[in-house]
Amino acid sequence: MRARDADSQARAGVVVQKRERADDPEGPVRAGFTATKKIGNAVIRNRAKRRLREAARLLLPLHGRPGSDYVFIARARTVSRPWPALLDDMESALISLARRKGGPASGPAHARRHRPDKDETAHG
RNA sequence: UCAGGCGGCCGGGCGGCCGCUCCUGCAAGCGGAGAAAUCCCGCAGGAGAGGAAAGUCCGGGCUCCACGAAGGCAAGGCGCCGGGGAAAUCCCGGCGGGCCGGUUUAUCCGGUUCAGGGACAGCGCCGCAGAAAUCAGACCGCCGGGACUGCGCAAGCGCCCCGGCAAGGGUGAAACGGUGGGGUAAGAGCCCACCGCCCCGACCGCAAGGAAGGGGGCACGGCAAGCCCCGCCUGGAGCAAGGCCGAAUAGGGAUGCAACGUCCGUCCGCGGACAGGCGCGCCUUUGCGUUUCGCAUCCGGGUAGGCCGCACGAGGCGGCGCGCAAGCGCCGUCCCAGAUGAAUGGUCGCCACGCCGCUUUGCGCGGCGGACAGAACCCGGCUUACAGGCCGCCUGACGCU
């Protein structure tokens, strides 16, 4: 919910939101996945989230900024989009977000990746 | 071979690479997170969505709460018979009614469908149309008689009155049974034959019920899914149930001090009676339970923080036996998803299947497509959705013998 007002980048296959945690600038990259009822029934929504989760597993270690929370929102075309195109969408969005604040990306995120997370107060 | 109907079954297969959850075994450290409870971190092996997992419409298991007795009331549900089943408004088989079809027209056969107890307990309703809609009725009509200072040569016609009829017309979902014949002024179960209907009913069946035969000219309409009557059944909430472990705050209990709705007794601890509030579906009788104000100390409970519940079950598969079937019994064998930020996947090939195009017609090459849909405590049903395919039975058409 806090990521809602943060920076966001939209591509054909995915919408990515990013928020840096001020109190934990070198912490792990965290990610959450969501799909609204607008894109389909439970089977479609699950498939969309699985594809996004797999794509994030491949790309976040390369382009994610440490100490940041990401939210990946599935779109209507997430399920039908060819796999390489979906990867391109997410990679492009991640790079744009990394460049927007704090200069060029400071290399690959080194910290261990958390389980896909959404609730930032989990360790509160 | 094709088409249609009904029933049953399946719901693509194999393999790379990279991941997720759980289980088992081994390993592990003065390891990490947290106040704690508790959780996490390595390696190996194994397992991992459905026929509907769906809708959440019924029935249970399980869990907690409630539940003194008697009588009455209210509310809801169910409703042919037998069997199955833990149970159900479920399943199987039968009976009866309606509808459809068939022929060898009979106590026949097949299919389909029905919330299928009661319409002599009572009330109510039956719109429109129609003359009349339930103690029913006479518009047109048919027949007989009479009057006429109407017409006509006449037979007769017209009009009015009295009486008879319920066959024909017309209305309707339904009009005091249908067809044919006799009969009559015209008619009518008025009489007769056949069909239908009602009553009794040998005998058959566990039963619902069936029924030979006999009797009766024949009336007794429908709706109970309008109220109702009869019979039977019925507490509530749900795994966010519920249990355990555990911070803070508020609230709770015990002890001490102050204080006690009224009255009585008192060994001053308290006990008894009455009154009121609350609870037991409602009411009555009766009977219970509980309760009647502030400060300090201790205790306990408790919060979506965690763990258990949480997967061996009305269980799956195979065989044999019983039964028309639903299903049941015995034996053998197997352990078969457990997420919760919600795992069971992502991606790439090959094969099979369907369609389209090219086609030197070799099933060779290329392209596209694969439904409905995701366990959430667990079972049994019902209902709804569904690409494609397989099997069985029935019906029809064509071909062959």
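Order of the sequence lines sets the chain letters (A, B, ...), proteins ahead of strands, with each chain counted from 1.
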So does A:K49 get a backbone contact from the side chain of A:N46, meaning a donor-acceptor N/O pair under 3.5 Å?
no
Between the protein and nucleotides 50-54 of chain B, which nitrogen or oxygen pairs are less than 3.5 angstrom apart?
none

Nucleotide opposite B:rU333 in a Watson-Crick or G-U pair, distances under 3.5 Å
B:rG316
With rounding to the closest Å, how many angstrom separate the C1' atoms on B:rG269 and B:rC278?
30 Å
Checking all strands, does A:R50 fall into the base, sugar-phosphate, or nothing category for heavy-atom contacts under 4.0 angstrom?
base
Ignoring backbone atoms, establish whether A:R53 has a side-chain N or O less than 4.0 Å from OP1 or OP2 of B:rA342.
yes
Work out how far the P atom of B:rC40 is from that of B:rA371, and round it to whole angstrom.
38 Å
Determine the interatomic distance between P on B:rA136 and the same-named atom on B:rC220; round to the nearest Å.
9 Å
Heavy-atom closest pair, residues A:P82 and A:R51:
C-NH2, 4.1 Å
When both hydrogen-bonding distances must be under 3.5 Å and the geometry is Watson-Crick or G-U wobble, what is B:rC282 paired with, if anything?
B:rG72
If we check side-chain hydrogen bond (donor to acceptor under 3.5 Å, both in side chains) with A:D89, which of these qualifies: A:Q9, A:R11, A:R81?
A:R81
What is the base-pairing partner of B:rC322, counting Watson-Crick and G-U wobble geometry with both distances under 3.5 Å?
B:rG327
Separation of B:rG55 atom P from A:N41 atom CG, nearest Å, is 11 Å
Rounded distance in Å between the C1' positions of B:rG300 and B:rG246
14 Å
Gap in Å between the two C1' atoms, one belonging to B:rC377 and one to B:rA240, rounded:
13 Å
Does B:rG82 have a Watson-Crick or wobble partner in any strand here, with both distances under 3.5 angstrom, and which is it?
B:rC92
Expressed in whole Å, how much space separates the C1' atoms belonging to B:rC239 and B:rC308?
12 Å
With rounding to whole Å, what would you report as the distance between B:rG46 and B:rC368 at their C1' atoms?
40 Å
Reckon A:R45 has a side-chain N or O less than 4.0 Å from the OP1 or OP2 of B:rG374?
no
Would you say the side-chain atoms of A:T78 pair up with the backbone N or O of A:G13, donor to acceptor, closer than 3.5 Å?
yes
Mind checking the P distance from B:rG177 to B:rA219? Whole angstroms is fine.
5 Å
Strictly by Watson-Crick or wobble contacts shorter than 3.5 Å, is anything paired with B:rA397, and which nucleotide is it?
B:rU1
Partner of B:rC299 by Watson-Crick or G-U wobble geometry, both contacts under 3.5 Å, or none?
B:rG252
Nucleotide forming a Watson-Crick or wobble pair with B:rA275, both distances under 3.5 Å:
B:rU292
Pairing partner of B:rC377, by Watson-Crick or G-U wobble and under 3.5 Å for both distances, is B:rG61
Between A:E54 and A:A42, the residue closer to the 5' end of RNA chain B by nearest nucleotide is A:E54
